[in-house]
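Everything numeric here is computed off the predicted structure, so don't read it as measured data. Here is how names work: the chains are called A, B, and so on, in the same order as the sequence lines, proteins then strands, and each is numbered from 1.
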There are 2 protein chains.
Amino acid sequence: MKRRYFGQYCGLARALELVGERWGLLIIRDLTVRPQRYTDLFDGLPGIPTNVLSTRLKELEEAGVIERRIAPAPQRGVLYALTPAGHDLEPAVSALGRWGTTQLGEPRPGEIVTPSAVVMALRAAFDPHAAAGLTASWEIHAGDIEVHAAVTEGRLTAGIGPAADKPDLVIDFEPDDLPSYLALMQAAKCGLVKLDGPRELLDSFIRVFGPSKATLPDAPAHRSAALDE
Amino acid sequence: MKRRYFGQYCGLARALELVGERWGLLIIRDLTVRPQRYTDLFDGLPGIPTNVLSTRLKELEEAGVIERRIAPAPQRGVLYALTPAGHDLEPAVSALGRWGTTQLGEPRPGEIVTPSAVVMALRAAFDPHAAAGLTASWEIHAGDIEVHAAVTEGRLTAGIGPAADKPDLVIDFEPDDLPSYLALMQAAKCGLVKLDGPRELLDSFIRVFGPSKATLPDAPAHRSAALDE
DNA sequence: CCGAATCCGCAGTGATACTG
DNA sequence: CAGTATCACTGCGGATTCGG
């Protein structure tokens, strides 16, 4: 399979050659959360053409960042998963996602939020320093999105679906049309959430996943000048 | 100016919309090193079509990550520079570059190394922990490439050209056809360099900028007379 | 249903030539 | 020096179809 090159012997250039094509890093973001089947990826990547998805999957496999697996007994079928080299991309994905979050502004009409995006946002926002020594677990519900996050002695685990063990605190969002992570933090601060668990853990949540010192648009309204076409 | 969207309210998706188009992050990499004029960018981005460069510059300016400046008195002309938001991309650029460096392998025929790439590699490889408390400065020569790096009380400054103050150690490469950062480390370990300064500082250099624990490809076979800029 | 392949129209890209 | 202009080409978006 032919590929386009940048002609530079440079780490960044090579990274962009391998995973920088359109939709590439978004596919990797979704696989960072957990292995997925073709249709899961298709559903989580709104608007991706099927031919682009299948050629990307082939290219990424050839690049050695993902691999095809046969799904285990109950369902069987194809599962796409990250290789170790693919998992090593997570710091880069988080770093880019963290920056992009500061540029998000208000949701544009038609933009959706996927569970994978929320998990990535949690991982990107996670502050190991603020979480040092902490052990706690949360479950987040917003509309049909359900994700979980657990901090065990300062180390983070986050994923889609309910927590493995019963979470210490369940955070439930009324306005499921604003399930973004930023809105989540805003809503949490404003108390626009329903809780099932001790309230102090909401403060822990905000401390650990809140904006560290990054310049966040406190009111995401006045930032849009650069974005209108 | 119209732009392509991913349709997701997600930090990573927004980042890719703003800086993820072809050549985008390479332009930003070069501007991370220092403000540059149009022709500097063109020379440092081998193979970029001039129309693509100019439309990228316009898009990135519109996105708020770069800005046009009028160069100061002596030369005058247009200078492109990162805005604060653009500078905030550096961690993401470093993270991607760090990953890509592990995937570099041997130089492909025709691939060149640019000064900006070396500076980015230094910044990406910099290990703050290993550099804690250190103060030292180096200058690196390889062919017509000349970059400098200084660690002041554990903080890194790196850039193109000779160091502002006289560097503590000058590292000079004989094989200027292999000026890549990885080869640099290999060559340094193998003693294939000429030094002007105390030898211990070469060990410091390797400790601070060496591969932390990443899997490095073994010594790249020397090849290819890459014509440099 | 899952996992694509195929076809088409068009926008983004690459290469080169040209201009203020 | 700092870009436009032009044109061929290919990758992408959108839709449909097809084989397990």
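Within the 4.5 Å cutoff, no side-chain heavy atoms of A:Ile112 are placed close to those of B:Tyr9. Proximity of A:Ile28 to A:Leu31: side-chain heavy atoms (C-beta onward) are nowhere separated by under 4.5 Å. Residues A:Arg34 and A:Ile160 meet the side-chain proximity criterion, which asks for heavy atoms closer than 4.5 Å. Between B:Phe6 and B:Glu17 there is a side-chain heavy-atom pair separated by less than 4.5 Å. With contacts defined as side-chain heavy-atom distances shorter than 4.5 Å, the pair B:Thr102/A:Asp88 does not qualify.
Within the cation-pi definition used here (under 6.0 Å to the ring centroid, within 45° of the axis), B:Arg155 does not qualify as a partner of B:Phe126.
A:Arg68 comes within contact range of the sugar-phosphate backbone alone, with a heavy-atom separation under 4.0 Å but no base atom that close.
Between the CD1 atom of A:Ile27 and the P atom of C:dA4 there is a distance of 12 Å, rounded to whole Å. Distance A:Leu53 CG to C:dC2 P: 13 Å, rounded to the nearest Å. Here C:dC2 presents its P atom at 12 Å from OH of A:Tyr38, a figure rounded to the nearest Å. The separation between A:Arg69 atom CZ and C:dG3 atom C1' is 18 Å, rounded to whole Å. The distance between atom CZ of B:Phe42 and atom P of D:dA2, rounded to the nearest whole Å, is 13 Å. Rounding to whole angstrom units, CG of residue B:Asp43 and C1' of D:dA2 are separated by 12 Å. The distance from atom CG of B:Leu41 to atom P of D:dA2 is 10 Å, rounded to the nearest whole Å. To the nearest angstrom, P of D:dC12 lies 13 Å from CG of A:Leu57.
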Task: Letter per nucleotide, 5' to 3', of nucleotides 9-20 of chain C [B base touched, S only sugar-phosphate touched, - untouched; heavy atoms, 4.0 Å] - done: --SSSBBBB---

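Side-chain nitrogen and oxygen atoms of A:Thr39 include at least one within less than 4.0 Å of the OP1 or OP2 phosphate oxygen of C:dG3. Contact annotation: A:Lys58 does not reach the phosphate of C:dG3 (side-chain N/O to OP1 or OP2, under 4.0 Å).
For the 3.5 Å distance criterion, the side chains of B:Tyr5 and A:Arg108 fail to qualify, holding no donor opposite an acceptor.
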